[in-house]
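Counting convention: from 1, in listed order, for ligands and their atoms alike. In what follows, residues are counted from 1 in the order of the sequence shown.
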Amino acid sequence: MSIVVTGATGQLGRLVIDQLLATTPAAGIAAVVRNKEKAAGIAARGVELRIADYGRPETLDGVFRAGDRVLLISGSEVGSRVGQHAAVIDAAKAAGVAQLAYTGILGGPDADFLLADEHKVTEQLILDSGLPYTFLRNGWYTENHTANLAPVLAHGAVVANAGDGGIASAARADYAAAAAAVLTGEGHLGKAYELSGDVAWSFAEFAAEVARASGKEIVHNDVPAAAHQEILVGAGLPTDFAAILVDVDEAVRRGRLAGTSGELARLIGRPTTPLADTVAEAVAAQR
Ligand SMILES: NC(=O)c1ccc[n+]([C@@H]2O[C@H](COP(=O)([O-])OP(=O)(O)OC[C@H]3O[C@@H](n4cnc5c(N)ncnc54)[C@H](OP(=O)(O)O)[C@@H]3O)[C@@H](O)[C@H]2O)c1
């Protein structure tokens with residue numbers, strides 16, 4: 001039996017592997033990756049690599065073993081994920097894994113925005129499979145908003161169509177710690193965790209935080225959805241993806257990502273990383 005992390009070469013997956021290695025011998029951990037070269041650093045730490053692509057079901061044959069505790073990190077190819085996740089679930093079922101944890105989306109079946117659709121179907125597929133599951137319904141990563149600060153600093157503006165809606169984001173590392181906790185701890189089967197940061201912030205507050213950290217004047221421009229869509233497409237985003245982001249902002253406006261249940265802090269045994277810390281780190285990286 002191993003603890004198995006899929007998507008281990010991604011940003012969240014690497015952090016989960018880090019967290020696991022802090023408490024668990026490397027010999028008990030396996031990483032499912034589609035690119036062996038990209039995973040060289042993980043293998044060098046003694047973690048077993050299992051090579052598979054969610055989109056090529058034949059590669060998933062035998063990738064899991066009976067009794068494995070598996071974290072399925074949702075794929076990044078939006079629009080193709082239901083079939084991909086179904087293939088992983090089938091492989092987990094065939095192997096008889098002891099736990100399938102899945103990184104879904106805050107709100108689970110009640111999330112009413114486009115980006116949630118594939119997560120909702122995936123959760124249902126997992127329920128239908130009869131596998132022992134844990135749903136990690138992740139809220140927003142703060143890094144979604146800090147990873148690309150250059151245009152914000154250059155234009156002195158944070159543009160959104162979310163009004164005063166709040167986002168209870170947390171750092172990726174917080175969500176990774178929660179995933180490691182449910183993979184290594186007991187009592188998490190059959191549970192759905194609504195994971196989010198301890199504090200919700202609005203885009204006006206985000207702009208103020210970037211201003212404080214950078215010493216620059218940064219304003220919050222709240223624009224209509226159609227105008228935001230035009231701005232994002234003008235900046236080079238594909239139309240469909242821009243529409244998904246604009247739809248997320250509308251969900252933020254409705255308060256869909258503002259929930260502060262405290263479940264993430266409880267799972268990781270500490271407060272979630274404050275917005276100010278992640279912003280300060282990102283601003284420092286720009287210097
Ligand atoms: N909560 C949020 O705010 C938020 C934000 C963005 C995304 N997400 C979701 O959370 C997931 C993890 O986030 P992240 O930041 O770690 O994303 P990421 O860095 O893009 O990592 C995605 C991981 O999934 C793997 N993957 C994608 N398609 C695959 C396939 N067909 N077969 C095998 N592996 C595949 C990638 O493999 P490679 O390393 O080979 O590319 C990568 O390891 C994302 O994939 C997405 O579903 C959540």
Distance from [atom] to nearest protein heavy atom, with residue and atom:
atom: atom 6 (C) of ligand 1; result: Y141 CE1, 3.8 Å
atom: atom 11 (C) of ligand 1; result: S74 O, 3.4 Å
atom: atom 16 (O) of ligand 1; result: L12 N, 2.7 Å
atom: atom 43 (O) of ligand 1; result: G10 N, 2.8 Å
atom: atom 31 (N) of ligand 1; result: D53 OD1, 2.9 Å
atom: atom 32 (N) of ligand 1; result: Y54 N, 2.8 Å
atom: atom 22 (C) of ligand 1; result: S76 OG, 3.9 Å

For T9, atoms of ligand 1 separated by under 4.0 Å from a heavy atom: 37 (O), 38 (P), 39 (O), 40 (O), 43 (O)

Residue W140 vicinity, atoms of ligand 1 by number, heavy atom under 4.0 Å: 3 (O)

Structural part of R34 in contact with ligand 1, heavy atom criterion under 4.0 angstrom: side chain

Over 12 non-hydrogen atoms of neighbours within 6.0 angstrom of CG in D164: no

Ionic contact status for R287 with E281, cut-off 4.0 Å: no

